[in-house]
Student: 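The following block contains the structure, expressed as structure tokens.
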Number of protein chains: 2
Amino acid sequence: MSKNASSMPWERPEPRPRPAPVPLSRDAIVRTAIVLADAEGLSAVTLRNVATALGAGPMRLYGYIATKEDLLALMIDAVYAEMLAEKETPADEWRLQIATLACALRGAAFRHPWFIALLGGRPHQGPNALAFTEAMLAAVADAPGLDGIDAIFQAAKVIGAYVLGAVRDETAEAVAVLESEMTKAEWQAENWPYMQRMIATGRFPMLARVISEMDHPTPEAVFYEGLECVLDGIARRSPN
Amino acid sequence: MSKNASSMPWERPEPRPRPAPVPLSRDAIVRTAIVLADAEGLSAVTLRNVATALGAGPMRLYGYIATKEDLLALMIDAVYAEMLAEKETPADEWRLQIATLACALRGAAFRHPWFIALLGGRPHQGPNALAFTEAMLAAVADAPGLDGIDAIFQAAKVIGAYVLGAVRDETAEAVAVLESEMTKAEWQAENWPYMQRMIATGRFPMLARVISEMDHPTPEAVFYEGLECVLDGIARRSPN
DNA sequence: GAAGAATCGATACATTGTATCGTTCGATGC
DNA sequence: GCATCGAACGATACAATGTATCGATTCTTC
């Protein structure tokens, strides 16, 4: 208690008026949440943290989002918007179109390692997610020989499954680093003795070869090689 | 306070000795956690819930697992063990071997919808996970024309990406039902008006076709058709 | 039997989404 | 301009969760 304070109500100075609340918007909330997630992982996206970063009280966020789950859905759609913005010039050839979309998704996932983990539930139907799906279907529809929406859908499903699966695998390390305090090197150093013991059992000869013989190609090369493989499969199964 | 109770310490009856603690084991803890997750989703797997289901206090679990994260890792490895047990008779032909492994994984994911969601971080190196990976690499190594560990690894990566991506997509609904209180029909009923509005914009012609024209093949057919597609792609890119 | 270690159940703590409450501010009507 | 009411805001509270800590009981050793 400072020397000017008094416990007598009639002697207390009146408080300064409370400052005008900082302006908020849904966009600002979502962007702030994304910045937090990119920097520290999804666990850093708490309503308190987002509100603090915006200079507001946490309960104010409920004027813009109904639940935290809404916030996460809006974050997802914002990332889809980024992908669409990147996919600027439409390529002519169907394989290139698909590769462009896949590239946009992969890039977004590296900028926002938490993105893929959020895609596990019900379909995302934000306007940008729908637009991205539409773009993918349109690209696949250009593949020769796909007769009818069922074949198009099937092919799009395969591509989507591969791309999301591969990118999830690729970004897993980035996710792990964000959420824990352990770098890849530290984790490997910690786990290597166990792996050595397992290899020494002789039960994992292929894994032993992977560990000792592999050139370890760049992840990007692996991804695009895999995509080409999938697209080859689609082309081969088309009736013509 | 019952009529026999007294606040005088020297008059109080001594309590009965505490009952012998129920025996615990790591296996029992993991199995109980799996049963809870299968029934109510991952959010039901709290240490308190697991301990309660086992008739023990929550802190006892820490004698068997160091962290909750350990419990989740053990759950993952237990599911891999199931897959290995299922993959009993080794098939001769490489495509059939791979399809058998994919089938085992898909089956496990449907029994345990939470499984795939847990695979997002660092590589899982439990003994059964390693054995499963080994089996997949061995199956892919049987594919003709894959020359060297790099090509084998690349092919295994593509297959794994597709399978996990596709199964994740397929099981998403089961996950959503477990974690929310909303069935698929309820969710669709809630979201249909929005979807109608979006389709009415005319910006999503392919999606409109999917919704109005698709036969909706069985998910299983879609999965295996996709796998065949990927395996075709791999066969096509082999040098011979 | 006594002492110390191990085990157990109970309690506590920090954190998080969100409900609730008290206070301040803004809008409206007179 | 003043009084009243509704909206907005910040503060507080609550239930839940992983896990630290504490007090009590049981087991082991000498």
Side-chain angles (χ1 to χ4, degrees), chain A residues 9 12-26 28-30 32-33 36-37 39-76 114 117-118 121 178-182, chain B residues 9 12-26 28-30 32-33 36-37 39-76 114 117-118 121 178-182:
Chain A
R12 279 184 226 149
E14 291 183 4
R16 312 186 58 177
R18 89 185 159 187
V22 300
L24 285 187
S25 70
R26 189 173 292 158
I29 292 167
V30 173
T32 301
L36 279 173
E40 296 168 61
L42 272 178
S43 56
V45 181
T46 68
L47 293 210
R48 285 173 170 88
N49 283 346
V50 175
T52 298
L54 288 163
M59 296 308 296
R60 277 188 68 196
L61 301 193
Y62 286 99
Y64 301 87
I65 57 173
T67 60
K68 178 168 173 180
E69 197 174 332
D70 279 0
L71 174 58
L72 300 178
L74 288 160
M75 285 163 74
I76 292 169
W114 44 269
L118 283 185
L178 275 181
E179 293 289 344
S180 72
E181 311 262 320
M182 208 180 292
Chain B
R12 283 186 221 146
E14 291 182 1
R16 308 172 75 167
R18 82 184 165 189
V22 300
L24 286 185
S25 69
R26 188 173 292 158
I29 292 167
V30 174
T32 300
L36 278 173
E40 296 168 60
L42 271 177
S43 56
V45 181
T46 68
L47 291 210
R48 286 173 171 86
N49 284 346
V50 175
T52 298
L54 287 163
M59 297 308 295
R60 276 188 68 196
L61 302 192
Y62 287 99
Y64 301 87
I65 57 173
T67 60
K68 178 167 174 181
E69 197 173 334
D70 278 1
L71 174 58
L72 299 177
L74 287 160
M75 286 164 71
I76 292 170
W114 44 269
L118 283 185
L178 276 180
E179 292 290 343
S180 70
E181 310 264 319
M182 208 179 295

Student: Just the rounded figure in Å: distance from C1' of dC9(D) to CG of L54(A).
Tutor: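 From L54(A) CG to dC9(D) C1': 15 Å.
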Student: How far apart are the closest heavy atoms of E179(B) and L42(B), and which atoms are they?
Tutor: OE2-N, 2.7 Å
Student: Out of dG17(C), dC9(D), dG18(D), which has the shortest distance to the side chain of R48(B)?
Tutor: dG18(D)
Student: Rounded to whole Å, how long is the line connecting atom CG of L24(A) with atom C1' of dG10(D)?
Tutor: 13 Å
Student: Specify the residue among M59(B) and M59(A) whose closest nucleotide of DNA chain C lies further upstream toward the 5′ end.
Tutor: M59(B)
Student: Could you tell me the separation between the CG atom of L61(B) and the C1' atom of dC8(C), rounded to a whole number of Å?
Tutor: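 In whole Å, dC8(C) C1' lies 12 Å from L61(B) CG.
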Student: Which of these, I65(A), T67(A), L72(A), sits in a side chain to side chain contact (heavy atoms under 4.5 Å, CB included) with E69(A)?
Tutor: T67(A)
Student: Write down the distance between NZ (K68(B)) and P (dT15(C)), rounded to a whole number of angstrom.
Tutor: 18 Å
Student: Which of the following nucleotides, dG9(C), dT19(D), dC9(D), is nearest to the side chain of Y62(B)?
Tutor: dT19(D)
Student: Rounded to whole angstrom units, what separation is found between the OH atom of Y64(B) and the P atom of dT19(D)?
Tutor: 17 Å
Student: Starting from P on dA16(D), measure out to CG on L47(B) and report it in whole angstrom.
Tutor: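 Taking atom P of dA16(D) as the reference, CG of L47(B) is at 16 Å.
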Student: So, do R60(B) and V22(B) sit near enough that their side-chain heavy atoms are less than 4.5 Å apart?
Tutor: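 Yes, at least one pair of side-chain atoms sits under 4.5 Å.
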Student: Among I29(A), I76(A), L61(A), find the one that has a side chain to side chain contact (heavy atoms under 4.5 Å, CB included) with L71(A).
Tutor: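 With L71(A) as partner, side chain to side chain contact (heavy atoms under 4.5 Å, CB included) holds for just one option, I29(A).
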Student: For I65(A) and dT18(C), what is the distance between atoms CD1 and C1' respectively, to the nearest whole Å?
Tutor: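 Taking atom C1' of dT18(C) as the reference, CD1 of I65(A) is at 11 Å.
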Student: For V50(A), answer base if it contacts any base atom (sugar-phosphate contacts may also be present), sugar-phosphate if it contacts only those atoms, and nothing otherwise; contact means non-hydrogen atoms under 4.0 Å.
Tutor: nothing
Student: If you assign T46(B) and R60(A) each to the DNA chain D nucleotide with the nearest heavy atom, which residue ends up on the more 5' nucleotide?
Tutor: R60(A)
